[in-house]
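Each remark here refers to the structure printed beneath this line.
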Amino acid sequence: MQGTEYGDEALKQAMATELRERLIEAQQEGRPLRVYCGYDPRKADLHLGHTVTMRKLRQFQDLGHEVTFLIGNFTSLIGDPSDKDKLRPRLTPEEIEENARTYAEQAFRILDPAKTRIRYNAEWLSKLSLADMIPLAANFTLQQFLTRENFRLRWERGDPIYLHETFYAIMQGYDAYMLQADVQVGGTDQLFNIVTAARKIMAFLGAKPNIAIIMGILPGTDGVVKMSKSLGNHIPINTTAEDMYGKVMSIPDFVMPTYAKLVTRWLPDEVAAFEKALADGTLHPRDAKMKLAFEITANFYGEEAAQRAQEAFVRLFQKHDLPEDVPEFHAEAGQSVLEIMVKAHLINSKSEGRRLIEQKGVRLDGQVLTDPNAPLPHPGILQVGKRQFLRVIF
RNA sequence: GGGCGGUUACCCAAGUGGCCAAAGGGGACUGACUGUAAAUCAGUUGGCGUCACGCCUUCGGAGGUUCGAAUCCUUCACCGCCCA
């Protein structure tokens with residue numbers, strides 16, 4: 001149950017007990033547990049936050065259970081209650097398919113492809129009729145939805161709550177039923193969908209309710225707010241080992257334990273030891289973070305790449321040396337610093353470049369440049385900000 | 001259907017005729033410092049230029065009033081609250 005977050009001890013105990021019972025039951029029936037988690041492929045690029053549930057699925061896989069990676073190609077057409085005010089462009093089936101493919105591709109950096117079933121919920125949801133929906137919907141009251149924090153807060157704030165958003169939970173419950181799931185994994189934002197909706201619908205349709213594994217939410221690089229691309233605090237999966245390593249190094253010290261729990265392969269004992277060593281000072285926070293960054297990077301890019309990323313990090317930020325590979329740029333003699341930066345896409349606008357120069361953020365071979373319009377005095381290594389380098393040659 | 005209120009930069013949010021490229025917070029970026037791209041402190045955060053000065057574009061869309069509009073008027077779109 002490492003990294004789980006039920007927000008209620010009784011619920012956690014109930015789920016733990018039920019999981020134990022279900023394990024015994026499955027064993028007697030000579031079958032593995034059926035575990036699933038659903039993902040809506042609205043965006044193609046995943047970040048670390050998305051991998052928390054995948055890691056939990058992977059653990060189940062490693063223990064020999066049957067894992068289904070459910071792609072919500074139907075639910076994603078309708079929309080997720082969490083972002084409400086943006087009009088979502090309707091994705092074409094081709095776009096959804098493309099997103100789903102890259103989604104699965106990235107997910108397989110964590111999941112074992114050979115042991116993962118991929119299903120699409122349009123397979124059954126698109127066939128439900130209104131007549132089918134009525135008895136399903138009759139399991140719920142508006143009051144139940146309104147007690148859900150997510151909706152309640154919006155209700156109190158006077159934010160819109162659309163009618164179709166209530167379908168979402170019902171559809172997710174139906175997914176669980178169709179997959180005959182023993183266990184459903186999800187983030188804390190899925191608590192209602194999994195515990196209230198899915199269990200109710202499964203029971204109503206005569207199946208055994210699924211057991212909820214509710215994972216904590218991974219904070220972003222700011223350490224506080226949920227990781228999300230639109231907030232700019234995310235660590236993308238499709239990047240480089242160096243970038244991932246560096247981004248992990250930029251998280252605040254206090255969230256290290258959370259990261260250790262949610263996005264490493266470490267066992268509970270190891271995490272506890274890590275936490276303890278940090279708390280009593282036997283592990284230096286910097287070394288702890290390097291260990292964390294190494295583990296996370298190795299997980300996605302392999303040990304070797306993680307090693308290289310770590311070396312690059314030490315060279316660049318601890319010893320202030322140059323990175324190994326510096327891109328080259330052919331400048332014409334007489335080109336100004338600003339022009340070179342724009343041409344090499346180091347900056348987005350000339351104003352941005354001027355600001356950087358004013359802030360002493362641009363260096364040539366270690367010398368701070370002060371005049372944006374002056375021609376580059378000589379070829380050399382141009383450093384823009386902390387981490388952008390360019391070998392300028394004439 | 002009626003009445004009232006709202007729509008501001010990456011996000012949240014102030015601004016009700018000129019001192020508004022637009023307060024504050026978050027995020028992001030830069031510098032100093034260091035234990036690191038952490039923490040802390042300071043700064044920057046629409047674009048362009050002949051760059052301590054000027055020009056252009058932006059406050060939901062389109063028109064209008066005015067010497068001058070994010071601010072006033074008309075209209076359209078969307079949202080909320082109350083009434084039906």
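Predicted model, so just to flag it, every value in this text is computed and none were measured. Below, chain A is the first sequence line, B the second, and so on; all start at residue 1.
- When both pairing distances are held under 3.5 Å, rC51(B) makes no Watson-Crick or G-U pair with any nucleotide shown.
- Nucleotides rA77(B) and rA84(B), compared at atom C1', are 24 Å apart to the nearest Å.
- Pairing of rA9(B), defined by two Watson-Crick or G-U wobble distances under 3.5 Å, is not identified with any nucleotide.
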Please encode protein proximity along nucleotides 46-55 of chain B as a string of B, S and -, counting only heavy-atom distances under 4.0 Å. -SBS-B----

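- Taking atom P on both nucleotides, rU75(B) is separated from rG3(B) by 12 Å, rounded to a whole Å.
- Here A260(A) pairs with W266(A), V271(A), F274(A), L292(A) under the side chain to side chain contact (heavy atoms under 4.5 Å, CB included) rule; sequence neighbours left out.
- Base pairing annotation: rU44(B) forms a Watson-Crick or G-U wobble pair with rA28(B), both donor-acceptor distances under 3.5 Å.
- Every residue two or more places apart in sequence or in another chain that forms a side-chain hydrogen bond (donor to acceptor under 3.5 Å, both in side chains) with S129(A) is listed here: D132(A).
- The partner of rG35(B) cannot be assigned: no Watson-Crick or G-U wobble pair with both contacts below 3.5 Å exists in any strand.
- Separating the C1' atom of rU45(B) from that of rA21(B) is a span of 12 Å, rounded to the nearest Å.
- A salt bridge links E105(A) and R101(A); the closest N-O separation between the charged side-chain nitrogens and carboxylate oxygens is under 4.0 Å.
- Of all nucleotides present, only rG61(B) satisfies the Watson-Crick or G-U wobble test against rU75(B), with each distance under 3.5 Å.
- A salt bridge links D62(A) with R58(A): the closest approach of a Lys/Arg side-chain nitrogen to an acidic carboxylate oxygen falls below 4.0 angstrom.
- Checked against ring-ring contact (aromatic ring centres under 6.0 Å, His included), Y245(A) has the following partners two or more places apart in sequence or in another chain: F313(A).
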Could you go through residues 373-394 of chain A and list every donor-acceptor pair under 3.5 Å that involves a side-chain atom there, pairing it with any protein atom two or more places apart or in another chain?
unit_1	atom_1	unit_2	atom_2	d
Q383(A)	NE2	G385(A)	O	3.2
Q383(A)	NE2	K386(A)	O	3.3

Which parts of nucleotides 34-43 of chain B does protein reach within less than 4.0 Å, heavy atoms only, written one letter per nucleotide 5' to 3' as B for base, S for sugar-phosphate only and - for none? -BBBS----B

Sub-3.5 Å pairs of nitrogen or oxygen atoms, protein against nucleotides 82-84 of chain B:
none

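- Under a 3.5 Å cut-off, the side chain of K56(A) and the backbone N or O of V52(A) do not form any donor-acceptor pair.
- Between R199(A) and E18(A) a salt bridge is recorded (basic side-chain N to carboxylate O distance below 4.0 Å).
- Rounded to a whole Å, the CZ atom of R363(A) is 11 Å from the P atom of rU30(B).
- By the side chain to side chain contact (heavy atoms under 4.5 Å, CB included) test, E29(A) pairs with E25(A), R31(A), sequence neighbours left out.
- Atom CD1 in I357(A) sits about 15 Å away from atom C1' in rC29(B), given to the nearest Å.
- Remark: of the listed residues N73(A), L179(A), D175(A), I71(A), L179(A) is the sole one forming a side-chain contact (heavy atoms from CB on, under 4.5 Å) with R119(A).
- Pairing partner, rA22(B): none, since no Watson-Crick or wobble contact has both distances short of 3.5 Å.
- Between the Q180(A) side chain and the A207(A) main chain, no donor and acceptor come within less than 3.5 Å of each other.
- Among residues two or more places apart in sequence or in another chain, the salt bridge (Lys or Arg N to Asp or Glu O under 4.0 Å) test is passed with R55(A) by none.
- Residues in residues 234-263 of chain A take part in these salt bridge (Lys or Arg N to Asp or Glu O under 4.0 Å) pairs, two or more places apart or across chains: D243(A)-K247(A), D253(A)-K289(A), K261(A)-E275(A).
- Listed by chain and residue number, nothing satisfies the ring-ring contact (aromatic ring centres under 6.0 Å, His included) test with Y301(A) (two or more places apart in sequence, or in another chain).
- A heavy-atom distance below 4.0 Å to RNA chain B is reached by these residues of residues 377-385 of chain A, ordered by number: G385(A).
- Taking atom P in both rA70(B) and rG63(B), one finds a spacing of 15 Å when rounded to whole Å.
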